[in-house]
Structures are given as structure tokens and as C-alpha cells.
Amino acid sequence: MSSWADAADEEPHAQVVAPDPGFKESDPPPPGFSASDEGAHNPSLIEAQAGSGSGSGSAAGAGVEDGVDKPDIALKSEGLQEEEGEEVQAEVRGDAESIYKAAETFEDLGLSKELLEGLYSGMKFQAPSKIQARTLPLILSPPYSNIVAQGHNGSGKTTCFTLSMLSRVDVGENCPQALCICPTRELAMQNYKVMLKMAQYTSITSKCTASEEYGGGGRGAGVEKAGASINEQVIIGTPGTLKNWITSGRKPPLDVTNLKILVFDEADQMLDANNFKDMSLRIIKAIEDKKNKAKGAPPLQILLFSATFSDVVKEFTSRVVGNDAHRIWLPASKLSLDVIKQYRVVCPREEDKVDVLKERIFPLAERLGQCIIFVRTRPAARHLHNELANEGHKCTSIHGDQSFQERDQVVKEFRDGTTKILIATNVMARGFDVSTVTLVVNYEPPTVNGDGQTPDPETYMHRIGRSGRFGRKGAAFNLVTEHTKQVDVLGAISGHFQREVKDVPFDDDDAFEEVLKEAGLA
DNA sequence: AAAAAAC
């Protein structure tokens with residue numbers, strides 16, 4: 001594992017699929033926009049096409065051809081390939097001129113010397129990825145607008161908001177100034193490690209609510225009844241503990257009056273009514289209330305980042321970030337990850353799935369790297385783990401019924417490659433970054449509320465995105481039982497993304513070998 | 001009829 005592989009989330013191959021209009025100041029305006037456009041003062045919808053590929057029906061602006069930016073050059077030097085024909089939609093409110101000022105280098109962003117060193121020497125980055133080039137100038141300069149940004153897995157979102165937090169911190173002020181909220185402990189810790197690495201040459205202080213110090217004691221360990229006052233400048237954590245620290249659960253509470261920037265990672269999940277919506281809104285309200293009571297508190301900048309936004313959540317974001325926020329969306333046609341090949345395995349009976357795992361997939365997984373098998377429930381994870389372990393298959397499982405120590409141990413073993421096969425609930429569906437994961441198995445297609453019938457394309461997208469990282473190839477096997485709703489659910493999901501999901505006969509060894517060869521894996 | 005996250 002390379003030096004940053006264990007900590008860096010979505011950075012290095014960020015540029016692989018990141019959308020970017022690729023314009024520079026010297027470029028002519030993108031289609032649908034002109035300098036005299038009222039968009040300079042009013043919300044405007046800008047659709048730009050970069051590269052020569054897709055949807056060429058609409059007029060692609062001349063001079064926005066991609067592949068000439070420094071970020072791409074830097075990327076190619078890392079042996080990564082740029083996807084052609086990327087397309088991006090940006091709905092920009094306020095100063096639409098700023099859309100032209102994409103940062104070609106990190107120096108363009110006015111970062112401190114220490115932070116630049118962290119990026120170059122610490123993270124081994126050479127230039128901003130597309131989403132970084134596009135959003136960081138907006139985030140880091142007055143009026144410090146709110147941002148909603150959608151970018152593929154691996155487009156560099158983590159660097160984007162981590163850098164934003166670090167850059168906005170005033171090192172002379174010893175109080176919390178930046179806060180990042182993540183849906184799981186594992187993701188909070190992963191992001192925390194990225195932040196530490198990036199900040200290593202600075203004197204910026206930080207704390208993670210999910211560190212062993214707080215999260216090591218099993219359930220409820222995040223609830224700290226009393227402690228020293230928290231003076232760290234960057235705070236990263238999970239919603240429950242943070243809410244507790246901010247409101248009455250901790251003495252003294254986490255002081256949020258001086259917060260300048262609030263980041264929601266996996267923002268669509270954090271704002272989804274079925275997930276953390278209430279918690280997130282309560283945290284925001286608590287912060288704003290405290291700021292309102294304090295005199296001279298700095299305004300709060302809110303950043304929302306995710307690879308996916310359902311229409312409902314997309315609509316809702318304006319309630320959180322207001323109507324003046326800058327928004328960067330991926331069009332539906334570009335949502336899927338083309339580096340990951342997707343397959344469907346139709347099994348006559350539910351029980352056949354275990355055999356498919358044992359006889360077809362595991363032998364390949366052993367050769368190809370690591371494999372994550374997603375199941376719907378905690379008992380299912382436990383059960384499948386037992387069944388496989390009893391037959392001598394070395395695997396582990398992770399789910400919310402385990403203690404934090406168990407979870408940490410399982411993650412550690414998987415990260416260092418001691419274990420190759422991980423059975424997981426949706427706790428691992430998002431953000432988890434292990435570069436050697438080449439196979440993802442959906443033991444059943446994901447459904448909303450686990451109801452078995454409402455397709456959950458967002459979760460599907462995040463799950464399969466656990467493979468194919470760092471510019472590597474990936475494959476996803478979807479196991480469905482014949483004549484069940486699973487077939488329809490998967491059909492709806494593949495229809496949603498408009499990507500081919502090829503059938504592999506459940507009882508044919510050669511077929512599995514064959515498709516993986518075709519996926520560039522075998 | 002789930003999972004995650006405060007208790």
C-alpha cells in the first residue's frame with residue numbers, strides 16, 4: 001500500500017472521472033452564457049461540455065476541449081486516464097463570473113506555505129483535480145459562499161473540503177473554526193487521517209469524535225459527560241456525538257460560536273429524511289442559535305458534498321444552503337462509474353447465492369485482490385460470515401451490532417490486507433477507501449428502507465464505488481433470485497444509470513473467469 | 001421488515 005493509500009479517500013484518481021468544463025479565463029464563454037447575460041446577477045443554468053464525446057447535440061463551446069489543463073497533465077503523469085466527453089452542469093448564483101476562475105495550480109488558491117507543502121510533500125498531489133479547481137476558488141474567497149457539489153467517487157471531494165477547512169482556519173485563534181460531519185465512525189476516522197496528513201506541516205489542531213479516546217468503549221462511548229474544553233481548530237465526527245457535544249451532552253460543550261465552515265460529507269445521506277436529516281438540521285440550528293446569541297460571531301459557510309443526490313434531496317438542499325449557494329451537479333447520463341463493470345447473476349433459489357460466492361467468486365477474489373460483500377441486515381452479515389467461516393473460508397464481517405473495537409479491528413485487518421473478504425452492511429457502503437478492492441458483491445440489490453422493493457440507486461452507486469479505486473479496474477456482481485422482486489429492483493437500478501449489467505450464468509465457472517478477463521481483472 | 005448515529 002502506498003503512503004497515501006490508507007488514508008487518502010478519493011483523491012489520487014479523482015481526476016479520472018471528475019467533471020469539469022475545463023474552461024480557462026482565456027476561453028470563450030460556455031454555451032448558454034454570455035458576459036451580458038443576466039446570469040451575472042441572477043441565477044443562471046450553465047451547461048458545458050468538455051471533450052468531444054457525449055451528447056453532441058447541443059453546441060459544445062469551442063475552446064473548452066479538455067485534456068489541456070494542468071490537472072490532467074499531472075494526473076496522466078500518475079498513469080491515470082482521463083475519461084473523455086465529461087459533462088458538467090453548474091447552477092451558479094451570484095457572481096457568475098467566478099465560474100471562469102478555475103484554479104490551475106494550488107498556488108492559485110492563495111494557500112499557506114505549510115498547506116502547500118502538505119499537498120505536495122504530504123499527499124503527493126501535483127495540481128487540483130477538476131472538482132477542486134472548480135469549487136475551491138469559490139469556497140476560499142469572499143463572500144465564502146455555500147456550495148453544493150456532486151462529484152464521482154474519486155473526484156477529489158475529500159481533498160476539496162479538507163483543504164477548505166484547513167485553509168479557512170486562522171491559526172492564531174485557538175477555538176473550533178471548522179466542523180465536518182460524516183455518516184459513520186469509519187468515514188470520520190478516514191477523513192480525519194486525510195486531514196492530519198494534509199495539515200502535517202501546519203500548526204493547526206484537530207480532533208475526531210470517533211477516535212479511540214472517545215469511541216473506544218463500545219456503544220455510547222462517544223458521550224462524554226465532562227472533559228477539558230475543546231480548543232481544537234478542526235473537528236471531525238459523527239452526528240450523534242457532535243450533536244451531543246454541541247448541546248447539553250458535554251460539559252463544557254463544544255463551542256461553535258466561532259465556526260467559519262461546516263462540511264457535510266455524504267451530504268445527501270446526511271439530509272435524507274430516512275437517514276440523518278433531523279440530526280443534521282438540529283446541529284445546524286444549534287450552531288446558528290449560538291452564533292446569533294454571540295456578538296460578532298463569523299458567518300457560517302456550509303459545504304455539501306456527495307457523489308449522489310436524489311431529486312428529493314437535491315431539492316431540499318436549498319433549505320440548508322439557501323438560494324445563493326453555488327451548485328455543481330453531474331447530469332444523470334454521467335452518474336455511473338464506467339471503470340466498474342457490472343454483472344447480474346440470476347440464481348434459481350436464494351440458497352444458491354452462497355454457492356455462487358464459494359465456488360465462483362471466491363476463487364477469483366483470492367487472485368484479484370479484495371472483495372466486499374454487501375448484505376441487507378446485521379443478522380444476515382453474521383449468518384453469512386458464520387456459514388462461510390464454517391467451511392473454512394477466511395473472511396470477516398462488519399455491522400452496527402459490533403463493538404467499536406471489533407469494527408476497528410475488522411477495518412484494520414482489511415486495510416492491511418490480512419483479510420481479503422469482508423461481509424458488510426451499508427455501514428461500509430460509502431466513502432470507505434481501500435485501493436485493493438476489486439470486487440463488490442451485492443448479495444441482494446439495495447432497496448430503500450430495506451423494504452425489498454423500492455430500488456435504491458444511490459446506495460447501489462456508492463457500494464460498487466468501493467471497487468475500482470485509484471484508477472484500478474473494478475467489477476460488481478449482483479446476485480438476484482429468479483422470479484423475485486430482486487430482479488425488478490436490479491432492473492430499475494440499471495435502468496436508472498443506463499449502464500449495461502451483463503448476465504453471468506450462475507453455474508458456469510468459465511463464464512465468471514471470462515467476464516473478469518473482459519473487465520480487465522483476470 | 002434496515003442501517004447508521006446520541007442514551
Side-chain angles (χ1 to χ4, degrees), chain A residues 179-192 208-211 214-227 235-251 253-254 264-286 306 308 313 350 372-384 397-404 406-408 410-411 422-432 442-456 458-460 462-463 466 484-486 489:
Chain A
L179 181 59
C180 175
I181 310 180
C182 317
T184 64
R185 292 182 66 250
E186 283 71 20
L187 193 50
M189 291 190 291
Q190 183 176 285
N191 287 339
Y192 184 61
C208 178
T209 69
S211 300
Y214 309 104
R219 274 192 2 218
V223 180
E224 203 192 8
K225 296 298 180 212
I235 311 290
I236 297 180
T238 44
T241 305
L242 282 173
K243 201 239 162 206
N244 212 283
W245 282 16
I246 293 170
T247 57
S248 56
R250 186 189 193 277
K251 289 183 174 48
L254 176 67
F264 287 95
D265 191 9
E266 309 297 347
D268 62 319
Q269 187 184 8
M270 302 309 292
L271 296 176
D272 179 21
N274 277 325
N275 283 278
F276 296 107
K277 180 177 176 182
D278 290 348
M279 189 79 72
S280 297
L281 294 183
R282 258 178 268 161
I283 289 174
I284 294 172
K285 177 141 196 332
S306 183
T308 55
V313 175
E350 189 70 22
I372 302 179
I373 302 163
F374 284 103
V375 296
R376 187 170 60 96
T377 65
R378 298 164 175 188
R382 242 190 321 258
H383 185 257
L384 185 58
S397 59
I398 184 166
H399 54 78
D401 266 350
Q402 296 165 331
S403 71
F404 291 155
E406 276 180 276
R407 282 164 60 164
D408 290 347
V410 169
V411 167
L422 176 62
I423 299 155
T425 59
N426 278 339
V427 68
M428 287 287 107
R430 287 169 174 253
F432 185 55
N442 283 317
Y443 204 71
E444 61 277 294
T447 54
V448 176
N449 299 338
D451 67 1
Q453 55 184 13
T454 315
D456 187 348
E458 283 78 29
T459 296
Y460 178 88
H462 285 277
R463 281 182 175 184
R466 296 318 95 212
T484 66
K485 282 182 175 161
Q486 295 171 16
V489 170

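Values below: every heavy atom of this structure, side chains too, minus hydrogens, waters and symmetry copies. Chain letters run A, B, ... following the sequence lines, proteins first and then strands; every chain starts at 1. Note that the structure is predicted; figures quoted are calculated from it, not measured.
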(message) With nearest nucleotide decided by heavy atoms, which residue, A:D456 or A:G240, maps closer to the 5′ end of DNA chain B?
(response)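 With A:D456 and A:G240 compared, the 5'-side residue is A:D456.
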N or O in side chain of [X] less than 4.0 angstrom from [N] OP1/OP2:
X	N	answer
A:T447	B:dA2	no
A:R407	B:dA5	yes
A:R250	B:dA6	no
A:T238	B:dA6	yes

(request) Check whether the side chain of A:N449 and the base of B:dA2 form a donor-acceptor pair under 3.5 Å. (result)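 Indeed there is one.
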(request) Could you please name the option among B:dA2, B:dA5, B:dA4 that lies closest to any side-chain atom of A:R376? (result)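 Side chain of A:R376 sits closest to B:dA2.
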Just the rounded figure in Å: distance from [atom2] of [N] to [atom1] of [X].
X	N	atom1	atom2	answer
A:Y443	B:dA3	OH	P	16 Å
A:R382	B:dA2	CZ	P	13 Å
A:I372	B:dA3	CD1	P	18 Å
A:N274	B:dA4	CG	P	15 Å
A:F404	B:dA4	CZ	C1'	10 Å
A:D278	B:dA3	CG	P	19 Å
A:I181	B:dA5	CD1	P	14 Å

(message) We want to know whether A:T454 and A:D451 form a side-chain donor-acceptor pair, criterion being a heavy-atom distance below 3.5 angstrom.
(response)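 Short answer, yes.
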(request) Compute whether any side-chain donor of one residue and acceptor of the other, for A:E350 and A:Q486, lie under 3.5 angstrom apart. (result)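 Short answer, yes.
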(request) Enumerate the residue pairs fulfilling side-chain hydrogen bond (donor to acceptor under 3.5 Å, both in side chains) with a member in residues 422-431 of chain A, sequence neighbours excluded, ordered by first and then second residue. (result)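 Every pair satisfying side-chain hydrogen bond (donor to acceptor under 3.5 Å, both in side chains) with a residue in residues 422-431 of chain A: A:E266-A:R430, A:D268-A:R430, A:Q269-A:R430, A:N426-A:R463, A:R430-A:H462.
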(request) List in chain and number order the residues that pass salt bridge (charged side-chain N to carboxylate O under 4.0 Å, His left out) with A:R282, two or more places apart in sequence or in another chain; answer none if no residue qualifies. (result)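 Salt bridge (charged side-chain N to carboxylate O under 4.0 Å, His left out) list for A:R282, sorted by chain: empty.
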(request) Inspect the contact between A:D272 and A:K277 and indicate whether a charged nitrogen and a carboxylate oxygen are less than 4.0 angstrom apart. (result)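 Between A:D272 and A:K277 there is no salt bridge, as every charged N stays at least 4.0 Å from the carboxylate O atoms.
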(message) Categorize A:R430 for me: base, sugar-phosphate, or nothing, with a 4.0 angstrom heavy-atom threshold over every strand shown.
(response)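 Counting heavy atoms under 4.0 Å across all strands, no contact is made by A:R430.
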